[in-house]
Protein chains: 4
Amino acid sequence: MNGAPDRKNSDKYRAIIEAAIEVFAEHGYHNARVVKIARAAGVAEGTVYLYFRNKEDLLVSAFREKMETFTGEVAGRLAEPGGAAEKLRRLVDMHLAGLGADFTLALFFQIHLRQPEEAVHDGIAGPLARYARLIEGVVEEGMASGEFLPGLNKKLVRQMIFGAIDEVVSNWVHARGKYSLPGQAGAVSAFLLRGLAGTR
Amino acid sequence: MNGAPDRKNSDKYRAIIEAAIEVFAEHGYHNARVVKIARAAGVAEGTVYLYFRNKEDLLVSAFREKMETFTGEVAGRLAEPGGAAEKLRRLVDMHLAGLGADFTLALFFQIHLRQPEEAVHDGIAGPLARYARLIEGVVEEGMASGEFLPGLNKKLVRQMIFGAIDEVVSNWVHARGKYSLPGQAGAVSAFLLRGLAGTR
Amino acid sequence: MNGAPDRKNSDKYRAIIEAAIEVFAEHGYHNARVVKIARAAGVAEGTVYLYFRNKEDLLVSAFREKMETFTGEVAGRLAEPGGAAEKLRRLVDMHLAGLGADFTLALFFQIHLRQPEEAVHDGIAGPLARYARLIEGVVEEGMASGEFLPGLNKKLVRQMIFGAIDEVVSNWVHARGKYSLPGQAGAVSAFLLRGLAGTR
Amino acid sequence: MNGAPDRKNSDKYRAIIEAAIEVFAEHGYHNARVVKIARAAGVAEGTVYLYFRNKEDLLVSAFREKMETFTGEVAGRLAEPGGAAEKLRRLVDMHLAGLGADFTLALFFQIHLRQPEEAVHDGIAGPLARYARLIEGVVEEGMASGEFLPGLNKKLVRQMIFGAIDEVVSNWVHARGKYSLPGQAGAVSAFLLRGLAGTR
DNA sequence: GATGAATGAGTTTTCATTCAT
DNA sequence: CATGAATGAAAACTCATTCAT
């Protein structure tokens, strides 16, 4: 989207993205200074603007970059054989493991990304929707196979699943990562699966 | 009686709070202009600073004001007789009805309140914790009465309950209130209660 | 055009205009710093923006302010009785005397005002056109009375009259005002009147 | 032969000059981007700096280049036999024809060249003075031959002649070249010659 | 000579907050 | 209490220029 097509593979592009995630995570979007991101990436301020249209584009690009990687990995694991319940467990595991292993990334995702700026929302919506569809796919599969209750509102259930996991991550972040996030995966999956299937 | 308590009951204090919620909801915290809040409240800019320390204090105060009212109402309803499951239903109903009836308030709560500023977080934490304890109380009650599964992680379950409801509200807000939020209450409660109790 | 209607009569409005003319004259539009104008006017930087939309508006406003005053005075003198030749002499006298008495203003007018910015041109065009019409009026009057040659191209002649005077001023400014500008008035008028009337 | 003279005859030198005139004409000096000039010339940004010290030098060089060519041509035509009046007509014709045939060049000369930068003024002064001397030469010749009035202030008259022609060109440029500029030559010459000679 | 990625100084404008009235 | 004119710090972004290749 920015400049030459292979810019995205340059070392500087990646360095700036990583630096941005750190600085956004530490200060939040509005209090993050572009010059600080540049310094953290080891480049000059102007260089940031060779790779990104503006600060907003940097935020959105950083999110997409990470989110797309994550969604891709989850999609891969969900394509492997297994029942819907098993797949939901995988998804929860990956979600909590992925963020639980990278506090800064979790901070970036949970706390600071929710900006009211139109462009931010628009740039973020796509990758988030792809993840949402992944969850909905599992729900559908479970309803079709009889593993989950029939007649669930797919979209609503997806929202609740995502919201529940998301809030668990947020609390872990607010607790400054003092306990193991992946360690919660079992209890989270169990709760959600009961909600979906009803059996204890 | 000193000045402070009186001040909070003055018409201007209330007018500024309401104006702030509107403007914060429309523009987000960082893009909300104090002068716009003042005008919406029908006062001069300087007057805002007679009632609030600064913009941050205004955000926090607006949140506390609304949240405390809401938490108080929920606490009242939960004190009325009924089983834990019934109480959870009441809580979900009130949460969705309260925000579903006031789109601006929902916007304010869901989208724009999550600022990384230390003071914002600190000022908000208290009222949120009180609501969290309310939910945990229902969970405890249900475990004690046998309505809910024994051995649930109270805090974790509370996070998931809150996260699920919260995300449902967020989606409604993002959909610009195009459907009935209270209309989701039944499905939400049912899902959560299955998660808590396991029965279908 | 800016803020309250009576802002234009405030002391600060006038002080900023005068300071702007000085700083624009010294540095040119693009090299003039708003902070320097503010300091020269004895106000804070932000105050400039209470009275003017932006730097461009400040340039245009300063020009209009001075030009309208000048054009008004010329119009007044031209309304007094006298033949067309006499009126042209008045106009030349006033033009050279007005700028010859205020080197800074002349510098501002001659050197630095001709900016390619659209808005600058647009804002300046009106007052300049009014002055042009004044000159054309004299030419018409002279043709009607038989003082000037019949069949002159009114617009073209006006351009040449203005251009000739203007260039005389420019040269005086480039010579840093080392000689008397009004002292040139007689020779200038004589040349122009010969051009208009043909007699020696 | 050293490097410099060769450089001025290189294709790239010429290409950059032509590109600069176009871009300066379109955007003005301060809004002209070096990268745009480079691209228009079909070279890299850095290459511009192999041929010109800086942006200012590029402006001045472009002006000198064109102005010297023009002055040379005018000087040649004025060296041909003829009276002073005839020579003034030639000069006016060439001035209006030269710019009237190249709108971009006219735009460059009339609107955008008058920058307050010291170095710009200094670099431009020489070529302009040479043209001025040409005009003054014609005036002198006419006074000597009795064609023009005796006792004219040579410098002042030169300023008025140049100013008149210049303003006619400026108006044509502002009118975006909508009429024929050379078509004005007769009326312009006639006006100026009356001013110089007084006869009708 | 030629390139173009990288640099980083520089400036307008905004807006939370103050304080004289 | 209330006002709103005044303040001035702060930061994103641009772009002329450089220099390693």
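Since this is a predicted model, take the numbers as computed values, not measurements. Atom set for the values below is all heavy atoms of this structure, side chains included, hydrogens, waters and symmetry mates excluded.
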Checklist entry - Under 4.0 Å between a side-chain N/O of C:Thr47 and OP1 or OP2 of F:dT7, yes or no? => result yes
Next on the checklist: Does any part of the side chain of A:Tyr51, heavy atoms only, come nearer than 4.5 Å to the side chain of A:Val43, both counted from C-beta?
Outcome noted: no
Checklist entry - Of the nucleotides E:dG4, F:dT17, E:dT13, which one has an atom closest to the side chain of D:Ala44? => result E:dG4
Checklist entry - Taking the side chain of D:Lys55 as heavy atoms from C-beta outward, which of F:dC13, F:dT17, E:dG1 is closest to it? => result F:dT17
Next on the checklist: At less than 4.0 Å, is any side-chain N or O atom of C:Arg33 found next to OP1 or OP2 of E:dT12? Yes or no.
Outcome noted: yes
Item to check | Per D:Tyr49 side chain, nearest of listed nucleotides F:dT18, E:dA2, E:dG8 | outcome: F:dT18
Item to check | Protein-nucleotide distance (A:Leu50, atom CG; F:dA16, atom P), rounded to Å | outcome: 14 Å
Checklist entry - Counting any heavy atom closer than 4.0 Å, what does C:Val35 reach on the DNA or RNA strands: base, sugar-phosphate only, or nothing? => result nothing
Checklist entry - When the distance from CG of B:Asp57 to P of E:dT18 is rounded to whole Å, what number comes out? => result 12 Å
Next on the checklist: With heavy-atom distances below 4.5 Å as the criterion, would you say the side chains of D:His30 and C:Glu117 are in contact?
Outcome noted: no
Checklist outcome for this item: Rounded to whole Å, the NE2-P distance (C:His27 to E:dG10) equals 15 Å
Checklist entry - Does D:Arg14 come within less than 4.0 Å of D:Glu65, counting only side-chain N to carboxylate O? => result yes
Checklist entry - Which atoms form the tightest heavy-atom contact between A:Ala106 and A:Val173, and what is the distance? => result CB-CG2, 3.8 Å
Next on the checklist: By nearest heavy atom, map B:Asn31 and D:Gly42 onto DNA chain E; which one lands nearer the 5' end?
Outcome noted: D:Gly42
Checklist entry - For C:Ala38, which contact category applies under a 4.0 Å heavy-atom criterion: base, sugar-phosphate, or nothing? => result nothing
Checklist outcome for this item: When A:Val34 and C:Val43 are each assigned the nearest nucleotide of DNA chain F, the 5'-most assignment goes to C:Val43
Checklist outcome for this item: Any stem touching DNA chain F, meaning at least three consecutive Watson-Crick or G-U pairs under 3.5 Å, ordered by first number, would be E:2-21 with F:2-21
Checklist entry - Within this structure, what is the OH-to-P distance between C:Tyr29 and E:dT11, rounded to whole angstrom? => result 14 Å
Checklist entry - Under 4.0 angstrom, heavy atoms only, what part of the nucleic acid is B:Val48 near: base, sugar-phosphate, or nothing? => result nothing
Checklist outcome for this item: Exactly one candidate in A:Phe109, A:Phe63, A:Tyr29 meets ring-ring contact (aromatic ring centres under 6.0 Å, His included) with A:Phe24; the answer is A:Tyr29
Next on the checklist: Checking D:Ser61 now: which residues fulfil side chain to side chain donor-acceptor pair (under 3.5 Å) with it, not counting sequence neighbours?
Outcome noted: D:Asp57
Next on the checklist: Counting only side-chain nitrogens and oxygens, does C:Lys12 get under 4.0 Å of the OP1 or OP2 atom of F:dA5?
Outcome noted: no
Item to check | Atom of B:Thr47, atom of B:Ile16 and distance for their closest heavy-atom approach | outcome: O-CD1, 4.4 Å
Next on the checklist: Just the rounded figure in Å: distance from C1' of F:dA11 to CZ of A:Arg39.
Outcome noted: 12 Å
Next on the checklist: In whole Å, I'd like the distance from the NE2 atom of C:His30 to the P atom of F:dA16.
Outcome noted: 12 Å
Next on the checklist: Check the phosphate of F:dA6 against C:Tyr51, side-chain N and O only, distance under 4.0 Å to OP1 or OP2. Yes or no?
Outcome noted: yes
Checklist entry - Tell me: CZ of A:Arg53 to P of F:dT14, nearest whole Å? => result 12 Å
Next on the checklist: Let me confirm one number: the CD-NZ distance from C:Glu18 to C:Lys66, rounded to the nearest 0.5 Å.
Outcome noted: 4.0 Å
Checklist outcome for this item: note: A:Phe52, atom CZ; F:dT14, atom C1'; distance rounded to Å ~ 18 Å
Item to check | Candidate nucleotides E:dG8, E:dT13, E:dG4, ranked by approach to the side chain of A:Glu45 - the nearest | outcome: E:dG8
